[in-house]
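One structure is given below, encoded as C-alpha cells.
Just so we're clear, the structure is a prediction, and the values are computed from it rather than from any experiment.
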Amino acid sequence: MTLKIVVKRLLFFVMVVWAASTIVFFVPRLSPRNAIRERFGELARMGGFSPGDIEKLIASMQQQFGLDKPLLEQYWTYLGNIVRLDFGYSLSKYPTTVTEVIAQSLPWTIGLLLITTVLSFVIGTLLGAVAAWPRAPRWLRAAATPFILLTGVPPVIMGILLLFFIGFRLKWLPLGGAYSVGVVPNWSWPFFFDLLEHQVLPALALVLGSVGGWVLSMRGMGITIQGEDYVNFAEHKGVTGGRIFRDYYLRNALLPQVTGLALALGTVITSAVIVEGLFGLPGIGTALNGAIRANDFPVIYGIVIFITIAIAALMTLLEFIYPLLDPRIRES
C-alpha cells in the first residue's frame with residue numbers, strides 16, 4: 001500500500017469525523033431550548049435556590065461553556081476541543097469532565113464489545129461455511145439453522161427474553177449489574193468469576209442476535225465460491241477436502257465477511273450501548289442513558305462524538321487490514 005493511499009484514507013477519516021461533529025454541533029442549536037437553563041430550572045423546582053441565584057449560576061455556566069460567544073467562535077473552539085478530546089464539563093456531575101465520564105465507562109464497553117464481536121463473527125463465519133459445504137456432516141450443517149431463525153430478533157429484545165426466562169424465571173444468572181451488590185472490585189479469582197457471571201446474559205444477547213447474519217452471508221458466499229474454476233480445478237487435481245475447505249473455500253469466502261464487518265460496526269456498537277443500559281452495566285450505554293435522563297447535554301454530545309470517532313477509526317483500520325488478507329488488491 002502506497003503512502004498516497006494511506007494519506008487518502010486518513011483524510012477520509014478526518015472528513016467523516018469533521019462532518020459528524022459539525023452535525024452534532026449545529027443541529028441542537030437549531031432548537032430554541034437552552035440546555036443549561038433547563039438543567040438549573042429542574043434544580044430550582046426541587047427547591048433551595050432563589051431566582052436571582054439561579055440566574056447568576058446560569059450566566060456563570062454559560063460563560064464557562066462559552067455559550068455567551070458568537071456561534072462561529074463557539075464552533076472553532078468546539079473543533080479545537082475535539083482534536084484534544086476535550087468535550088467540556090458534565091452538567092450533572094460538575095466539575096467532572098465528559099472525558100472522565102467516558103474514560104470511567106469505556107473499559108466495560110470495550111470488554112463486552114470486543115468479546116461479543118469476535119465470538120459472533122468467528123462462530124457465524126464457521127457455521128456459515130460449514131452449512132454451505134456439501135461434504136460437511138448433515139448434523140453439523142443443521143446446527144446453523146437455530147441461529148438463522150434468531151436473525152430477526154434485535155439484541156435488545158433478545159436481552160429482555162434472556163432476562164425474563166434465564167434470569168427471572170429460572171434464576172440461573174444475575175438480572176443485571178457488573179458484579180454482585182456489596183462486592184468490592186479486586187484482583188482475585190472469586191471476583192473474576194462473579195464478574196464473568198454477570199456478563200453472560202448481555203454477551204449472549206449480543207452474540208445470539210448477530211450470529212445469524214454472519215451465518216447467512218457466509219453461507220451465500222460459500223455457495224457461490226463452490227462453482228468457481230479454482231475450486232473445481234483443485235478437486236480434479238485430487239487436493240484433499242480439508243485443504244480445499246481451508247485454502248480455497250474458506251479463505252476466499254472470508255473476504256466479503258471482513259467488508260461486512262466494517263459496514264456493521266455502527267450497528268454492533270449501537271446494540272452494545274443499548275444492551276448495556278438494559279443490563280445496568282457501567283459502560284458507555286449506562287452513562288448515555290443517565291445523561292439523557294439528567295438532560296446532561298455535554299455528556300450526550302461527547303459520547304455521540306466519541307462513538308462516531310471510534311466507528312470511523314475501526315473502519316479505517318479494516319481498510320488497512322483488508323489488502324493484507326487479499327493480495328490480489330492493487331491500488332491504482
Side-chain angles (χ1 to χ4, degrees), residues 105-132 139-179 192-222 250 253-254 256-286 307 310-311 314-315 318:
S105 308
L106 191 59
W108 300 94
T109 301
I110 290 179
L112 178 65
L113 186 63
L114 180 63
I115 293 173
T116 55
T117 301
V118 172
L119 281 177
S120 59
F121 181 77
V122 172
I123 294 173
T125 298
L126 291 178
L127 281 178
V130 170
W139 66 269
L140 196 54
R141 284 184 285 169
T145 303
F147 294 100
I148 297 176
L149 295 177
L150 295 174
T151 304
V153 183
V156 63
I157 303 299
M158 182 66 66
I160 293 173
L161 295 175
L162 292 173
L163 274 175
F164 180 75
F165 288 106
I166 297 181
F168 179 72
R169 296 296 297 271
L170 299 177
K171 303 184 186 304
W172 287 352
L173 292 168
L175 291 174
Y179 42 83
F192 173 77
F193 288 118
D194 181 74
L195 181 68
L196 187 63
E197 187 180 31
H198 283 74
Q199 310 305 311
V200 172
L201 285 184
L204 275 178
L206 290 171
V207 171
L208 293 178
S210 57
V211 165
W214 297 119
V215 171
L216 286 174
S217 60
M218 188 65 181
R219 182 176 180 273
M221 183 54 58
L250 182 61
L254 186 63
Q257 290 288 93
V258 177
T259 303
L261 178 61
L263 297 175
L265 282 175
T267 304
V268 169
I269 294 178
T270 304
S271 299
V273 168
I274 296 175
V275 169
E276 279 181 354
L278 176 65
F279 285 91
L281 300 177
I284 296 293
T286 301
I307 291 175
I311 293 174
L314 289 173
M315 292 185 66
L318 285 175

Residue of the set Leu150, Leu216, Ile123 for which side chain to side chain contact (heavy atoms under 4.5 Å, CB included) holds with Val211: Ile123

side-chain contact (heavy atoms from CB on, under 4.5 Å) involving Ala131 - partner list, sequence neighbours excluded: Ala144, Arg219

Rounded distance [0.5 Å steps], CG in Leu173 versus CG in Leu163: 10.0 Å

Ser105: side-chain hydrogen bond (donor to acceptor under 3.5 Å, both in side chains) partners, not counting sequence neighbours: none

Sidechain-backbone polar pair: Ser120 side chain, Thr117 backbone, donor-acceptor under 3.5 Å: yes

Nearest non-hydrogen partners of Leu162 and Leu204, listed with the distance: CD1-CB, 3.7 Å

Over all atoms of both residues, closest heavy-atom pair of Met218 and Gly124: CB-O, 4.3 Å

Any Ile160 side-chain heavy atom under 4.5 Å of Leu278 side chain: yes

Minimum heavy-atom distance Trp108-Gly283, with the two atoms named: CB-CA, 4.0 Å

Contacts of type side-chain contact (heavy atoms from CB on, under 4.5 Å), residue Phe164, not counting sequence neighbours: Phe168, Arg169

Interatomic distance, Leu201 atom CG to Leu281 atom CG [nearest 0.5 angstrom]: 10.0 Å

Side chain to side chain contact (heavy atoms under 4.5 Å, CB included) assessment of Met158 paired with Val275: CA-CA 9 Å; Met158 182 66 66; Val275 169; over 6 Å; no

Exercise: identify the closest heavy-atom pair between Thr125 and Trp214: N-CB, 4.2 Å

CG on Leu113 to OG1 on Thr109, rounded to 0.5 Å: 7.5 Å

Atom pair CG (Leu119) and CZ (Phe121), whose distance is rounded to the nearest 0.5 Å: 12.5 Å

Shortest non-hydrogen contact from Leu127 toward Val215: CB-CG2, 3.9 Å

For Glu276 against Thr286, the heavy-atom pair lying closest together: O-OG1, 3.5 Å

